[in-house]
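Chain letters run A, B, ... following the sequence lines, proteins first, then strands; residues in each count from 1.
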Amino acid sequence: MKYRSHHCGALRPSDAGTEATLCGWVDSRRDHGGVIFIDLRDREGVTQVVFRPEEYPEVAEQSHGLRSEDVITVTGKVAPRLAGTENPKLATGGIELIATSLTVLNKSDVLPFQLDAKVSNEDLRLEYRYLDLRRPQMAQNLRLRHRVTTATRNYFDEQGYLEVETPILSNPTPEGARDFLVPARLTPGAFYALPQAPQQYKQLLQVAGVEKYFQIARCFRDEDLRAERQLEFTQIDVEASFISDVEIQTLIEGLLARIFREAKGVEISTPFPRMPYQEAMDRFGSDKPDTRFGLEIIDLSDVFAASEFKVFRSVLDGGGVIRALNARGAAEKLSKEQLKKWEEWAKTELGAKGLAYIKANATGEWESPIVKFFSEAEKAALAERMDLAPGDVLFFGADKWQAVCDTLGRVRLRCAELLELTKDSNALNFLWVVDFPLLAFSPEEAKWVAVHHPFTRPKTEDVPLLEAGEFAKVRAVAYDVVLNGVELGGGSIRIHEKELQARMFETLGIGPEEQQEKFGHLLRAFSFGAPPHGGIALGLDRLVMLLAGTESIRDVIAFPKNNRGLDLLTHSPVTVDFKQLRELYIQSTAKKP
RNA sequence: GGAGCCGUAGCUCAAUCGGUUAGAGCGCUGCCCUGUCACGGCAGAGGUUGCGGGUUCGAGCCCCGUCGGCUCCGCCA
């Protein structure tokens, strides 16, 4: 028996008069007592099937029992729709299949939710994920993801890149996220770790002479989940030898252009603008600036250089900065009470000391808790520098440079949301942020940590600064690609010399012994003619999210976990019995519920 | 580890200030219906208002606790 001659999206008026067999799910039924219409759905579309009692009484009788989501195969004559009953909403709306025989392959129970309606209850969607994936939007997302990965593979293949699979059972990483551990039965008491990224393997592949590597790589991080974060996620991972940072950026611009063209039918313009990290932070308060709107941060330290306002005075004397941004036209949307809430938000959520503001009313009058401390000259200079007009609201940041950037960067985004600056925008503002700092001081750990990762190469001209211990000033050959304020990925040119790598580890507080223990394999590999190399990794899930226009990573992953890392469909993770643990030389210390 | 929002029928939601028997749409079941495509008509079933406690003459609504979901901060080299 043949299930189908055509898919449900295939038949057209030109097929009229032929016989066809379709199979799929009953999408809906319209039972008129006599004639019965069934919309039959498969992955390619929907076709109307008609059961006519006067022509095929037995089949029509049988069709009365059909219910939503029953799986059937049906044979019939392709006929043009009666004049006036064509359905322009359907690709197959010009024809219908007049059923001559019907086989019910499988009945369906009533579904826990309707496929054509909004479902807010996400537990339910995840519990019945296989039904959720039948919904058109979700099915479309799966296809979109496939188109992205296919475009990626084709692109890299054409560029001469080799897809190489790297181990899922690998080693714990001393820095970075918490690892998922897997007990090694064959080595009692030892553990594998699931990779947070294939970083070391892809560098070792360069030492191996692969020269051009990519992988659609699953990565694992045992950290708390978020709307755009899962325990396991997928990276487009790339590494190449004898390549410059600009060449990698060009390669990735070509990839993204290809993906947007093939997955979305959109042409994007390349090359993307480049912006140094310092400039991104200064102007936008973020290392992944959304450049679809202005609201730029402006420095006022010189305006208040002689300020007698205590707060500003002490900040400036302590080496801090005074900065502000102008939320143009926000005055009518921000009452005094709301401004108070914003200040509270800045304090509790952003950890700011406060959020001073000046609200310029429609009349031009200033409402502000701090303006009384300003001199006339300061007020005039401030108004001019900020281009302050009636209806504007200025927000101030006064603190260390980094803290002011962080606070005003967040305030900027919140203002953009309030003013709906990106609401109807279909702009695609790609951007390379370059010249990241190599190192950052971590007050919690009381040591210097790698901003990107410990294999990132310092800029050649900044190596003397590294050697002089001026760690904060050392820039890395590192770059992030950003789209509309979302970080799509990041990479760097790596260190390929073992001496420089050892010096880097040392700077990070990893002594010679620990280096040998944890990175000996890498340092040894570097001693056997490691080529200069570099690469990048792009977050595939996030990219597909942007293309699909969804806010949740769960919408672009077939079987995601919920907020607490639970798979509501299969109920993983599960406890295992003592015997299974004993085989692995493992004992649980978890308290029994 | 912390904060916010939410939890009412299978689903999506309503229920005025704390006040009669907790409603609607969709879905479901039965009957009717021969050109619909959001088919239509009639009838019907379906509720421990997440759970536990408290305040009150009276609680879906107020209070406390708890469980669950989502979002954010921390965390994510």
Please name the nucleotide paired to B/rC51 by Watson-Crick or G-U wobble geometry with both distances under 3.5 Å, or report none. B/rG65
How far, in whole Å, is B/rU20 from B/rG35 if one measures between their C1' atoms? 48 Å
If the cut-off is 4.0 Å, is A/K89 near the phosphate of B/rA38, judged by side-chain N/O to OP1 or OP2? yes
B/rG4 pairs with which nucleotide, Watson-Crick or G-U wobble, both distances below 3.5 Å? B/rC70
Using only modelled atom types and a 3.5 angstrom limit, is any donor from either the side chain of A/N562 or the base of B/rG69 paired with an acceptor on the other? no
Per A/A227 side chain, nearest of listed nucleotides B/rU71, B/rG35, B/rC28: B/rU71
Measure CZ/A/R226 against P/B/rG74 and give the value in whole Å, please. 7 Å
Could you let me know what B/rC26 is paired to, Watson-Crick or G-U wobble, both distances under 3.5 Å, or none if it's on its own? B/rG10
State the pairing partner of B/rU21; accept Watson-Crick or G-U wobble contacts with both distances under 3.5 Å, and report none otherwise. none
Hey, is A/E232 close enough to A/R218 for a salt bridge, meaning N to O under 4.0 Å? yes
Please answer whether the main-chain N or O of A/D222 pairs with a side-chain N or O of A/R178 as donor and acceptor at a distance below 3.5 Å. yes
Any side-chain donor paired with an acceptor under 3.5 Å for A/Q199 and A/Y201? no
Quick one: A/R29 CZ to B/rC26 C1', roughly how many Å, whole number? 14 Å
Return the stacking result for B/rU36 and A/F37: yes when the ring centres lie under 5.5 Å apart and the planes under 30°, no otherwise. yes
Would a 4.5 Å heavy-atom cut-off, applied to side chains only, mark A/L421 and A/L295 as touching? yes
NA contact type, A/E344, heavy-atom cut-off 4.0 Å: base, sugar-phosphate, or nothing? nothing
Between B/rG10 atom P and A/L131 atom CG, what is the distance in whole Å? 17 Å
Any base atoms under 4.0 Å from A/D116, or only sugar-phosphate, or nothing? Heavy atoms, all strands. nothing
Tell me: CZ of A/R178 to P of B/rC76, nearest whole Å? 9 Å
Heavy atoms only, 4.0 Å cut-off, all strands: where does A/P454 land among base, sugar-phosphate and nothing? base
If I compare all heavy atoms of A/D541 with all of A/V556, which pair ends up nearest, and what's the gap? O-CG2, 3.7 Å
Name the closest nucleotide to the A/L566 side chain, picking from B/rC37, B/rC70, B/rG69. B/rG69
For a quick check of understanding: with a heavy-atom distance under 4.0 Å over all strands, which category does A/A450 fall into, base, sugar-phosphate or nothing? sugar-phosphate
Any N or O donor-acceptor pair linking the side chain of A/R229 to the base of B/rC76 at under 3.5 Å? yes
What's the gap between B/rA45 and B/rU36 when it is taken at their P atoms, as a whole Å value? 32 Å
Flag the pair A/N87 / A/R81 as yes when at least one side-chain heavy-atom distance between them is below 4.5 Å, and no otherwise. yes
With a 4.0 Å cut-off on heavy atoms, is A/N121 in touch with a base, just the backbone sugar-phosphate, or nothing at all? sugar-phosphate
What do you reckon, are the aromatic ring centroids of A/H64 and A/F51 less than 6.0 Å apart? no
Send over the distance from A/I553 CD1 to B/rU71 C1', rounded to a whole Å. 15 Å
Remember a base hit wins even if backbone is also touched, and classify A/N563 as base, sugar-phosphate or nothing at under 4.0 Å, heavy atoms. base
Using only heavy-atom distances, determine whether the side chains of A/Q200 and A/H521 contain a donor-acceptor pair under 3.5 Å. yes
Give the nucleotide from the list B/rU36, B/rG74, B/rC11 with an atom nearest to the side chain of A/T85. B/rU36
Look at all strands and tell whether A/L350 reaches a base, only sugar-phosphate, or nothing, counting heavy atoms closer than 4.0 Å. nothing
A/R67 vs B/rU29: side-chain N/O to OP1/OP2 distance below 4.0 Å: yes
Is there a donor on the side chain of A/D224 or the base of B/rC75 sitting less than 3.5 Å from an acceptor on the other? no
Less than 3.5 Å between a donor and an acceptor, one on the side chain of A/R30 and one on the base of B/rU34, is that the case here? no
Classify the side chain of A/Q114 versus the base of B/rU12 as yes if they form a donor-acceptor pair under 3.5 Å and no if they do not. no
Tell me which nucleotide among B/rC76, B/rG35, B/rC33 gets nearest to the side chain of A/A177. B/rC76
For A/K118 and B/rG10, give me the distance from atom NZ to atom P, rounded to whole Å. 18 Å
Tell me what A/V119 touches on the nucleic acid: a base, only sugar-phosphate, or nothing, going by heavy atoms under 4.0 Å. sugar-phosphate
Does the structure show a Watson-Crick or G-U wobble partner for B/rU36, both distances under 3.5 Å? Name it, or say none. none
Test for a donor-acceptor pair under 3.5 Å between the base of B/rC73 and the side chain of A/R410, counting only N and O atoms. no
In whole angstrom, what separates A/D70's CG from B/rC28's P? 11 Å
Report yes or no: is there a donor-acceptor pair, N or O only, under 3.5 Å between the side chain of A/E223 and the base of B/rG74? no
Verify the contact: side-chain N or O of A/S120 to OP1 or OP2 of B/rC11, cut-off strictly under 4.0 Å; return yes or no. no
Residue matched to B/rU16 through Watson-Crick or wobble contacts both under 3.5 angstrom: none
Specify the separation, in whole Å, of atom CD of A/E122 and atom P of B/rG69. 11 Å
